[in-house]
Amino acid sequence: MFISTGLTWFVAIPCWWYFIERPKPSFGAENFAAHLWLIVLVFVVVVLLPQILILTTRIRVMDYYMNNGK
């Protein structure tokens, strides 16, 4: 989960920067760079933490049924 999330961020952002912003520099790149901390914070709160909670809850439920189902 962490590897896929990291790959998404470390591949998608440079690709966006290279293919979208580099040919025609605009205020979008400056705006993006200035608000990157906010984007990362929102990503962690909205995506990463719920993913971790869902994953750990699913593992606990599966573990409970595997141990008590016998």
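Just so we're clear, the structure is a prediction, and the values are computed from it rather than from any experiment.
Two different hydrophobic clusters hold Leu48 and Ile54 under the rule that ILVMFWY side chains link at heavy-atom gaps under 4.5 Å. Hydrophobic clustering of Ile, Leu, Val, Met, Phe, Trp and Tyr side chains at less than 4.5 Å, counting indirect connections, unites Leu38 with Val44. Clustering ILVMFWY residues whenever any of their side-chain heavy atoms sit less than 4.5 angstrom apart, transitively, puts Val40 in the very cluster that holds Val47. Trp37 and Leu49 fall within the same hydrophobic cluster, defined by Ile, Leu, Val, Met, Phe, Trp and Tyr side-chain heavy atoms under 4.5 Å apart, directly or through other members.
Partner of Tyr65 under the side chain to side chain contact (heavy atoms under 4.5 Å, CB included) criterion, chosen from Asn68, Asp63, Val61: Val61.
Under the side chain to side chain contact (heavy atoms under 4.5 Å, CB included) criterion, Arg58 pairs with Leu55, Met62, sequence neighbours left out.
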